[in-house]
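All chains are named by letter (A, B, ...) in the order of the sequence lines, taking the proteins before the strands, and each is independently numbered beginning at 1.
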Number of protein chains: 2
Amino acid sequence: MADVARAAGVSVATVSKVVNGRYGVSPATHDKVLGVIADLGYEASLGARSLRSLRTNVIGVLVAEFEPFSTELLKGVSAAIGETRYELIAHSGRHHGDQVGWERRSLARLGGSVIDGAIVVTPTVVDARDGGIPVVAVDPHTGPSDVPTVDADNLGGAVTATEHLLALGHRRVAFLGGRTDLESARLREKGFREAMRRAGVPVDESLVVVGGYRAESAEAPARALLSRAERPTAVFAANDLSAIRTMDVARSLGLDVPGDLSVVGFDNVPESALSTPALTTIAQPLQEIGATALRILVSLLDGEGSSPGHARLPTTMVERASCAPPPA
Amino acid sequence: MADVARAAGVSVATVSKVVNGRYGVSPATHDKVLGVIADLGYEASLGARSLRSLRTNVIGVLVAEFEPFSTELLKGVSAAIGETRYELIAHSGRHHGDQVGWERRSLARLGGSVIDGAIVVTPTVVDARDGGIPVVAVDPHTGPSDVPTVDADNLGGAVTATEHLLALGHRRVAFLGGRTDLESARLREKGFREAMRRAGVPVDESLVVVGGYRAESAEAPARALLSRAERPTAVFAANDLSAIRTMDVARSLGLDVPGDLSVVGFDNVPESALSTPALTTIAQPLQEIGATALRILVSLLDGEGSSPGHARLPTTMVERASCAPPPA
DNA sequence: CTGTTAGCGCATTCAG
DNA sequence: CTGAATGCGCTAACAG
């Protein structure tokens, strides 16, 4: 900026005013400075600007990792940000296995300086005052919180998935759960139990296991489930990554999907259509969830007092090729 | 940081030393400060730190937009960053239609302050000295440059795609091109022409059009192509998004894919398996490309002098359901 | 209308 | 081994 000021024959303060469109600069100076900026290809350093000013016009999407779920959300956020004046930064910190706490750290690191507001994806602990900036949570931790939240109808989706398996004639239905610290996982299990109860089919507790939402963490429980003497004829996995890994495990055990085992997932990430067989799953409108979260955050930032509080989007079933009636 | 210093009864300078693992702090003080930091949940502000220090241990992935192509790369980068000491920031600036120049702006904005190095996705103009930080380009602009580059075998892939259509018996084959400013688009067209020439099939120049790699920009040329009296029996689209949109257009014109029209895409983004019919396409190992770019960048940052210069990964054909012999 | 001044939160000299 | 002083690039008051 000093270079620009020198070249334009003005002070850095004036350059700053021009860059930020402040009033009180003569048109001639304004144009001159803009010209020099264009020539030199100057761009204000985000780091320095954010240190001094209250607004950076940058929105952060904070994730633990860039996997199919979070990147789908990101696509939705990115599509919706077009008309706004904000730019986007997606951040994934280093986390040595600690699945909890990364959200606070990211927020403390970026909030209050680099970003004006944040969309936090599957946080365990969110506190509206962490980092002192507006926050919207997507698919957060159990329990009510004071931050606006966007999620999908996890309960209804889980009921639908389970009923689908029951309607096909399955009775030994297993539930491969998600991350126990997330509300979504809890609701999916609840929906599973509710549908079973309604159908009058008792839940075999030994068939309800924890998969952790990640392919690696789901592998062992899936293998245990399918290696049992009395193995289930169907598995409802709490998300697609677990479901896909379950099908891999089944194959490695010589089981045919859907001949010997039916599998239903949850999320409908694009990858679910690429598996063999293609996965029947419960679709969440992930991109729309991202877009909704962005809209809420922007309205928060622009101070349109109305805090929508909570948005819940519908889920739908996508039938593909991973389900069939149980073997005779 | 001042809060931490006060609570620990030391100066901010000492806290800084502890945080950054500098020598010259007594073990007792060290532990005490760490304890307070844990209690208060303190985290250094990225903005301030980057302003003062040369290293931030943050790597930036600079994209124009978060769409399937860039998010696949991001997954690969994210998976590969696990073992390193870097964290990841993906940035998409505001670009009012200007498809060129965003990369310089992003680089100037983040480089030299927030990030230590960058992976730039499909940049048109990259200069190694923009922002003064190490840069690796993925799928960049035409022409040799001084920045290390990672891409896929665009030429070979395009030949394979075209030969596939020719082998099915197609002779009126159209090419729906990409962004003319990108080397990848140029090579895909070249591969198309080369395969046609080898097969002794003349290229009808009116069937070679520009689609721009985006669904919206590909729609009009696709419609024009398929509305012609003598319409092509097959289209090789320069990327999957264009190919998928071409199939949509075909359907809206009452054409059956692949009965009336065969379509081949390029990229194999997950979405290509979700289309109806599922798209036959040329797969780039996108995640691997991202991981490779990261490895090169890290070796650059860690000063392992060996600059690999250029990595080119293989492409493979994925046959799905969008191709058939031409109508009789 | 423009320039001067004073920090934003932190890392780094250099004295103590 | 520790703390006080300095400045990174920028914006926000104020003074001219």
Touch class at under 4.0 angstrom, heavy-atom based, for A13(A) against every strand present: base
Touch class at under 4.0 angstrom, heavy-atom based, for S113(B) against every strand present: nothing
Tell me whether the OP1 or OP2 atom of [N] has a side-chain N or O from [X] closer than 4.0 Å.
X      : N      : answer
T29(A) : dT2(C) : yes
R49(A) : dG9(D) : no
T14(A) : dG3(C) : yes
S26(B) : dT2(D) : yes
Y42(B) : dG9(C) : no
S11(A) : dT4(C) : no

Would you mind reading off the distance between [X] atom [atom1] and [N] atom [atom2], rounded to a whole angstrom?
X      : N       : atom1 : atom2 : value
R22(A) : dC14(D) : CZ    : C1'   : 15 Å
H30(B) : dC1(D)  : NE2   : C1'   : 13 Å
I37(A) : dG9(D)  : CD1   : C1'   : 14 Å
M1(B)  : dT2(D)  : CE    : P     : 15 Å
Y23(A) : dA12(D) : OH    : P     : 15 Å
L54(A) : dT11(D) : CG    : C1'   : 10 Å
L46(A) : dT11(D) : CG    : P     : 11 Å
N20(B) : dT12(C) : CG    : P     : 6 Å

What N/O pairs connect the protein and nucleotides 6-8 of chain C at under 3.5 Å? Give each pair on its own line.
| unit_1 | atom_1 | unit_2 | atom_2 | d |
| --- | --- | --- | --- | --- |
| dG7(C) | N2 | R52(A) | NE | 2.4 |
| dG7(C) | N3 | R52(A) | NE | 3.3 |

Which residue lies more 5' along DNA chain D, comparing A2(A) with V10(B) via nearest heavy atoms: V10(B)
Contiguous Watson-Crick or G-U pair runs (3 or more, under 3.5 Å) in DNA chain D: C:3-16 with D:1-14
Heavy-atom pair with the smallest gap, counting every atom of S45(A) and S113(B): OG-OG, 3.3 Å
Short side-chain to backbone donor-acceptor contact, D116(A) and I59(A), under 3.5 Å: no
Rounded distance [0.5 Å steps], CD1 in I133(B) versus CD1 in I115(B): 4.0 Å
Pair R214(B) + E67(B): basic N to acidic O under 4.0 Å: no
Residues D139(A) and R179(A) bridged, charged N to O under 4.0 Å: no
Tell me yes or no: between the side chains of [X] and [Y], is some donor less than 3.5 Å from an acceptor?
X       : Y       : result
R55(B)  : N20(B)  : no
T71(A)  : T71(B)  : no
Y213(A) : T122(A) : no

Working for side-chain contact (heavy atoms from CB on, under 4.5 Å), residues S184(A) and D151(A): CA-CA 8 Å; S184(A) 62; D151(A) 61 11; over 6 Å; no
S45(A) side chain, from C-beta outward: closest of dG9(D), dT12(C), dC1(D): dG9(D)
Partner of E87(A) under side-chain hydrogen bond (donor to acceptor under 3.5 Å, both in side chains), chosen from R109(B), R105(B), R94(B): R109(B)
